[in-house]
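What follows is a short report on a single structure.
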Amino acid sequence: MPSSRRGSGTVTLPTGQLLAVHTRTQDEEDLPHATKKTMADHLRKYESLFTLTPQRMRMIVEAFKETLELGLEKPEQVVPMIPTYVFGWPTGKETGDFLAVDLGGTNLRVCLVTLQGEGKFEMTQTKYRLTEEQKQEDGQKLFDFCAECLKTFVTTNLEDGTLKEGDTLPLGFTFSYPCFQEKIDHGQLIRWTKGFGAPNTEGRDVAAMFRESLRKHNVPVELTALINDTTGTLIASSYVNPRTKIAVIFGTGCNAAYMEQVKDIPKIKQLGIDPDAEMAINCEWGAFDSFEHEHLPRTKYDIIIDEQSNKPGEQAFEKLISGRYLGEILRLVICELIDDGVLFLGQETYKIEIAYALDTAFLSLMESDPTEELLMIIGIFTHFFALETTLAERQFFRALAKLVGRRAARLSACGIAAIVSKMNYLEEGCAVGADGSLYNKYPGFADRVHEGLQDVFGDKGRNIVTYHAEDGSGVGSAIIAAMTKVRKDAGLYLNV
């Protein structure tokens with residue numbers, strides 16, 4: 001009798017473990033499937049694992065707040081609370097042509113931004129895809145690629161006499177990875193995130209590395225500001241909506257930025273900056289609860305993802321909420337149920353057993369229009385994994401996807417709540433500019449964040465409203481380059 005990957009019965013391994021095996025004959029038409037009751041029983045177990053109570057959320061918020069304050073007080077903390085040397089809010093009067101380069105987790109984006117004043121701008125942009133190989137090869141090669149793309153863009157888009165011989169355009173470089181900055185046009189990479197691992201880069205000044213590549217390729221630009229996309233999102237969103245006090249990114253990675261008074265940043269006291277001045281802080285909060293793992297509700301699936309990642313122990317908060325990992329959490333649960341003999345008996349399951357085979361985009365499809373989502377689930381499992389599913393199984397997958405997505409949104413709300421609480425924004429309320437693929441494309445994510453804020457703060461949580469942010473890595477980067485030029489032309493804080 002030809003057997004599939006799994007037979008029926010059990011086999012005792014040399015280790016003493018029991019291996020469940022399932023078989024079927026070729027002429028059997030009906031595959032064995034889990035019953036509706038079986039799936040409901042399992043769902044209850046996962047509901048208890050992935051559900052975050054309001055009480056637990058408030059405990060996380062308090063711990064988060066303490067972590068933020070520690071990062072402002074002392075250098076080299078787990079959540080580094082990086083001073084950005086972006087001073088104050090934009091006036092809306094910034095004008096001129098500025099270039100922006102954004103080295104994101106998936107693409108390299110190059111923009112020409114013309115600021116027209118009064119909160120208006122025009123932008124031309126081109127995206128260049130980053131391969132997985134480029135993300136892992138030598139750091140200087142990565143910056144050479146960035147310089148080559150920028151040169152191509154400048155040659156293509158500035159042929160109309162915008163740039164005269166010998167002139168250079170100010171460049172805002174959006175580099176969205178944790179950097180230690182002592183001035184706005186320098187930045188020492190603390191660690192790669194978002195799956196990057198380019199060697200010979202961590203601990204080095206990435207602005208200097210990029211300048212070297214720009215010089216090598218004769219690109220007519222001056223790198224004016226090195227910024228994080230979240231800081232750019234804060235400034236760009238404020239440029240258009242002055243009620244904005246916080247910016248957050250929920251995408252491949254996760255982060256937040258807000259404006260802090262210099263007197264409340266003890267670790268830069270020695271710089272002699274006016275204590276009443278305001279400076280944007282890049283939180284790099286994806287590292288919250290890293291290494292110690294004392295506060296976040298990690299399941300065994302989260303621990304597997306962490307241990308098998310290229311940075312075990314690090315980016316603990318990010319690994320629970322980022323779009324990079326949500327699909328993998330769901331896949332690990334499914335694989336556990338396959339191994340327990342609950343799902344896909346007698347079917348070849350090797351395709352879904354490949355790490356990261358279930359993209360987070362599939363989760364968002366599973367949570368799309370209720371009339372279509374069950375059909376979507378059939379399509380996902382049939383087309384990508386050659387697996388047949390029953391209605392009970394599809395309903396289970398949909399419910400499980402909602403649990404994983406809801407937990408991510410509620411944890412995201414905890415981060416926002418920590419900044420709101422720290423800065424006393426709750427009474428007067430504020431707008432939160434939010435960006436990233438998870439926030440923009442995952443059905444119901446924003447609503448669940450708002451629900452989470454109300455669970456933390458009660459009805460006053462309604463005063464905190466997230467909205468789709470302005471383009472931080474392009475427009476925000478250009479505005480910061482403009483603000484920096486104005487500041488330095490005025491002779492203000494030239495040492496930073």
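Only this structure's heavy atoms are used, side chains among them; waters, hydrogens and symmetry mates stay out. Position 1 is the first residue of the sequence, and the numbers go up from there.
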Got H295 and F288 here, is their nearest side-chain heavy-atom distance under 4.5 Å? yes
More than 12 heavy atoms of other groups within 6.0 Å of E76 CD: no
So does Q270 have more than 12 non-hydrogen atoms from other groups sitting under 6.0 Å from CD? yes
Quick check against the 3.5 Å criterion: does K267 have a side-chain atom that pairs as donor or acceptor with the backbone of M81? yes
Do you know the tightest heavy-atom contact between P83 and I268? CG-CG2, 3.7 Å
Got a sec, which residues hit side chain to side chain contact (heavy atoms under 4.5 Å, CB included) with S290, two or more places apart in sequence or on another chain? V78, A287, A316
S238 side chain to I235 backbone, donor-acceptor under 3.5 Å: no
Which atom names give the shortest non-hydrogen contact between D144 and S213, and what distance separates them? OD1-OG, 2.7 Å
With side chains defined as the heavy atoms from C-beta onward, is the minimum distance between I273 and M279 less than 4.5 Å? yes
Atom pair CD1/CD1 of I304 and I329 - distance to nearest 0.5 Å: 11.0 Å
Could you report the tightest heavy-atom contact between P178 and T193, atom names first, then the distance? CD-CG2, 3.9 Å
Please check this pair: side chain of Q181 against backbone of H186, looking for a donor-acceptor N/O pair closer than 3.5 Å. yes
Answer yes or no: is there an ion pair linking K141 with E133, defined by an N-O contact shorter than 4.0 Å? no
Only one of R410, R462, K460 forms a salt bridge (Lys or Arg N to Asp or Glu O under 4.0 Å) with D455, so which one is it? R410
Could you list all the salt bridge (charged side-chain N to carboxylate O under 4.0 Å, His left out) pairs where at least one residue sits in residues 195-213, not counting sequence neighbours? D185-R211, E202-K311, E212-R215
Donor-acceptor contact present, side-chain E314 to main-chain P312, <3.5 Å: no
With a 3.5 Å distance limit and no angle check, can you tell me whether D102 reaches the backbone of R109 through a side-chain donor-acceptor pair? no
Are the side chains of L99 and L112 in touch, meaning some heavy atoms are under 4.5 Å apart? yes
Look at E451 together with R448 and state whether they make a salt bridge at an N to O cut-off of under 4.0 Å. no
Closest heavy-atom pair, A408 versus L320, reported as atoms and distance to 0.1 Å, is CB-O, 4.0 Å
Any sub-3.5 Å donor-acceptor pair from T224's side-chain atoms to E222's backbone N or O? yes
Please tell me if the side chains of V432 and Y425 come closer than 4.5 Å, counting only heavy atoms from C-beta onward. no
Spacing of SG belonging to C414 relative to CD1 belonging to I419, to within rounding of 0.5 Å: 12.5 Å
Could you walk me through whether L330 and M366 satisfy the side chain to side chain contact (heavy atoms under 4.5 Å, CB included) test, starting with their C-alpha distance in whole Å, then the side-chain angles of each, then the deciding distance to 0.1 Å, before giving a yes or no? CA-CA 11 Å; L330 182 64; M366 289 182 195; 3.9 Å; yes
Between E318 and R324, is there a salt bridge with N-O shorter than 4.0 Å? no
Short side-chain to backbone donor-acceptor contact, T201 and P199, under 3.5 Å: yes
Can you give me the closest heavy-atom contact between I464 and H450, atom names plus distance? O-CD2, 4.0 Å
Could you note down all residue pairs passing side chain to side chain donor-acceptor pair (under 3.5 Å) where residues 486-496 supplies at least one of them, sequence neighbours left out? K485-D489
Name the residue from V219, V110, L214, T156 that meets the side chain to side chain contact (heavy atoms under 4.5 Å, CB included) definition with K151. V219
Return the set of residues passing side chain to side chain contact (heavy atoms under 4.5 Å, CB included) with T244 (not counting sequence neighbours), or none when no residue passes. S237, N241, A431, Y467
Please report the interatomic distance SG(C111) to CZ(F98), rounded to the nearest 0.5 Å. 14.0 Å
Are any side-chain N or O atoms of D289 and backbone N or O atoms of E294, one a donor and one an acceptor, separated by less than 3.5 Å? yes
May I ask you to test the V113-E122 pair for a side-chain heavy-atom distance under 4.5 Å? no
Assess, by modelled atom type and distance only, whether the side chains of S412 and Y439 contain a donor and an acceptor separated by less than 3.5 Å. no
Nearest heavy atoms of L142 and W192, plus distance in Å: CD2-CH2, 3.9 Å
Between NZ of K319 and CD1 of I303, what distance do you get to the nearest 0.5 Å? 11.5 Å
Sub-3.5 Å donor-acceptor pair from the side chain of D138 to the main-chain atoms of Q140, do we have one? yes
Take F175 and F210 through the ring-ring contact (aromatic ring centres under 6.0 Å, His included) test and state the conclusion after the steps. CA-CA 11 Å; F175 186 77; F210 192 26; 9.2 Å; no
Run K65 and S421 through side-chain hydrogen bond (donor to acceptor under 3.5 Å, both in side chains) and show every step you take. CA-CA 8 Å; K65 204 166 109 179; S421 177; 3.1 Å; yes
Only one of D306, I305, D302 clears side chain to side chain contact (heavy atoms under 4.5 Å, CB included) with Y325; which? I305
Between V420 and F457, is the side chain to side chain contact (heavy atoms under 4.5 Å, CB included) condition met? List the steps. CA-CA 10 Å; V420 167; F457 292 127; 4.0 Å; yes
Is any side-chain heavy atom of I60 less than 4.5 Å from a side-chain heavy atom of P297? yes
Do side-chain atoms of R331 reach the backbone of L358 as a donor and acceptor pair under 3.5 angstrom? no
Please walk me through it: do V221 and T168 pass side chain to side chain contact (heavy atoms under 4.5 Å, CB included)? CA-CA 5 Å; V221 301; T168 59; 5.5 Å; no
If you draw a 6.0 Å radius around NZ in K441, do more than 12 non-hydrogen atoms from other residues or ligands fall strictly inside? no
Beyond-backbone contact of K245 with M423, side-chain heavy atoms, under 4.5 angstrom: no
Tell me, do L326 and L438 make a side-chain contact under 4.5 Å, heavy atoms counted? yes
Under the ring-ring contact (aromatic ring centres under 6.0 Å, His included) test, which residues partner Y442, sequence neighbours left out? none
Take T152 and T126 through the test side chain to side chain contact (heavy atoms under 4.5 Å, CB included) and record every step on the way to the result. CA-CA 10 Å; T152 302; T126 304; over 6 Å; no
Please identify each residue that fulfils side chain to side chain contact (heavy atoms under 4.5 Å, CB included) with A280, with sequence neighbours left out. T84, V86, T231, L234, M259
Kindly compute the distance separating OG1 (T233) from CD1 (I249), expressed to the nearest 0.5 Å. 3.5 Å
